[in-house]
Undergrad: 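Okay, here's the structure, questions in a sec.
Since we're looking at a predicted model, the values are computed, not measured. We count residues from 1, following the sequence as given.
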Amino acid sequence: VKATRKEEAVAPATAIPTRPEPVGKVDVVAIGASTGGPNALAEVLVGLDGPLPVPIVIVQHMPASFTTLFAERLSRESGIPVREGIDGVELKPGSAWLAPGGYHMTLSRKLSTVTLHLNEDAPVHSCRPSVDVLFESVETVYRQRALAVVLTGMGEDGLTGCTALSEAGAPIVVQDQATSVVWGMAGAVAKAGISNKILPLPDVAGEVSRRAYYGR
């Protein structure tokens, strides 16, 4: 009886389908997180194989007064230059940009130059910054050559953006339920059947590094 109950308990998580992994280089890593995200993001960035050969863009739901210190913390702990997003800055490999609290962060491309932008448009999912706003712009600029990562967080912010990225052929990685503080954002993407891998938090950094260096 005990074994049967245990099987029933794990069945929903193990039954969630994933898409076959796309093959090809990625040119940017886009990460979204909310509740539980600060510690999860720190663990992922610390676990990367040093500064990556691609830029990283991050949305963490956080008030404006906290994102400056959080970017400094991530930079200090990971050894990767992590800065708050600056309107008009050029995206370059080896660094990471965190959306400032109170601002949506988007990307645009002109020829080979990708530029970061900030705006104060209406909140999405009651959030500004919004993961969906960032991810949808990442899809427009990078199409299938983006890696999307959705970590622990409440709600469904990121699902619309991941859907667009999935349709473009981009790989999507989500944190699993067991290691998430709240399996809302990552869970919504996983349950939609559009993720390629559902991983425990300790395995996310290795997967991000592998995809960032693939083909290089």
Undergrad: Is the count of non-hydrogen atoms from other residues, nucleotides or ligands lying under 6.0 Å from E156 atom CD greater than 12?
TA: no
Undergrad: Using the side-chain contact (heavy atoms from CB on, under 4.5 Å) rule, take I31 and L151 through it: C-alpha gap first, then chi angles, then the decisive distance, then the call.
TA: CA-CA 8 Å; I31 306 176; L151 303 176; 3.9 Å; yes
Undergrad: Are V141 and V28 linked, directly or through other ILVMFWY residues, by side chains that come within less than 4.5 angstrom of each other?
TA: yes
Undergrad: Measure from NZ or CZ of R109 to the centre of the six-membered ring of Y142, then state whether that distance is under 6.0 Å and the direction lies within 45° of the axis.
TA: yes
Undergrad: Just verifying a value: how many Å separate L98 CG and F70 CZ, rounded to the nearest 0.5 Å?
TA: 6.5 Å
Undergrad: Does V89 reach the side chain of W97, with side-chain heavy atoms less than 4.5 Å apart?
TA: yes
Undergrad: Consider only side-chain heavy atoms of I, L, V, M, F, W and Y, link residues closer than 4.5 Å, and tell whether V208 and L165 are in one cluster.
TA: no
Undergrad: Using the rule side-chain hydrogen bond (donor to acceptor under 3.5 Å, both in side chains), only one of R145, Q144, R143 pairs with D27; which is it?
TA: R145
Undergrad: Between T160, D157, D121, which is the residue that forms a side-chain hydrogen bond (donor to acceptor under 3.5 Å, both in side chains) with S130?
TA: D157
Undergrad: So how far is it from I194 CD1 to E167 CD, rounded to the nearest 0.5 Å?
TA: 8.0 Å
Undergrad: Hey, does the side chain of H104 reach the backbone of A122 with a donor-acceptor pair shorter than 3.5 angstrom?
TA: yes
Undergrad: Test of understanding: clusters of I, L, V, M, F, W, Y form through side-chain heavy atoms closer than 4.5 Å, transitively. Do V204 and I56 belong to the same one?
TA: yes
Undergrad: With side-chain hydrogen bond (donor to acceptor under 3.5 Å, both in side chains) as the test, would you mind laying out the steps for R19 and S195 before giving the verdict?
TA: CA-CA 6 Å; R19 293 188 304 130; S195 58; over 6 Å; no
Undergrad: Evaluate side-chain contact (heavy atoms from CB on, under 4.5 Å) for V44 paired with V46, printing each intermediate quantity in order.
TA: CA-CA 6 Å; V44 170; V46 167; over 6 Å; no
Undergrad: If you count the non-hydrogen atoms of other residues, nucleotides and ligands that lie under 6.0 Å from OH in Y213, is the total more than 12?
TA: yes
Undergrad: Counting N and O atoms only, with roles assigned by atom type, does the side chain of S78 sit under 3.5 Å from a partner on the main chain of L74, one being a donor and the other an acceptor?
TA: yes
Undergrad: Just by distance, with hydrogens left out, do T67 and E84 show a side-chain donor and acceptor under 3.5 Å apart?
TA: yes
Undergrad: How long is the gap from CE on M105 to CD1 on I58, to the nearest 0.5 Å?
TA: 7.5 Å
Undergrad: Please test R73 against E77 for salt bridge (charged side-chain N to carboxylate O under 4.0 Å, His left out), starting from the C-alpha separation and ending with a verdict.
TA: CA-CA 6 Å; R73 172 196 166 188; E77 293 183 1; 3.2 Å; yes
Undergrad: What distance do K197 atom NZ and D203 atom CG have between them, rounded to the nearest 0.5 Å?
TA: 9.5 Å
Undergrad: Could you go through V57 and L91, starting from their C-alpha distance and side-chain angles, then the distance that decides it, and tell me whether this counts as side-chain contact (heavy atoms from CB on, under 4.5 Å)?
TA: CA-CA 9 Å; V57 287; L91 228 59; 4.0 Å; yes
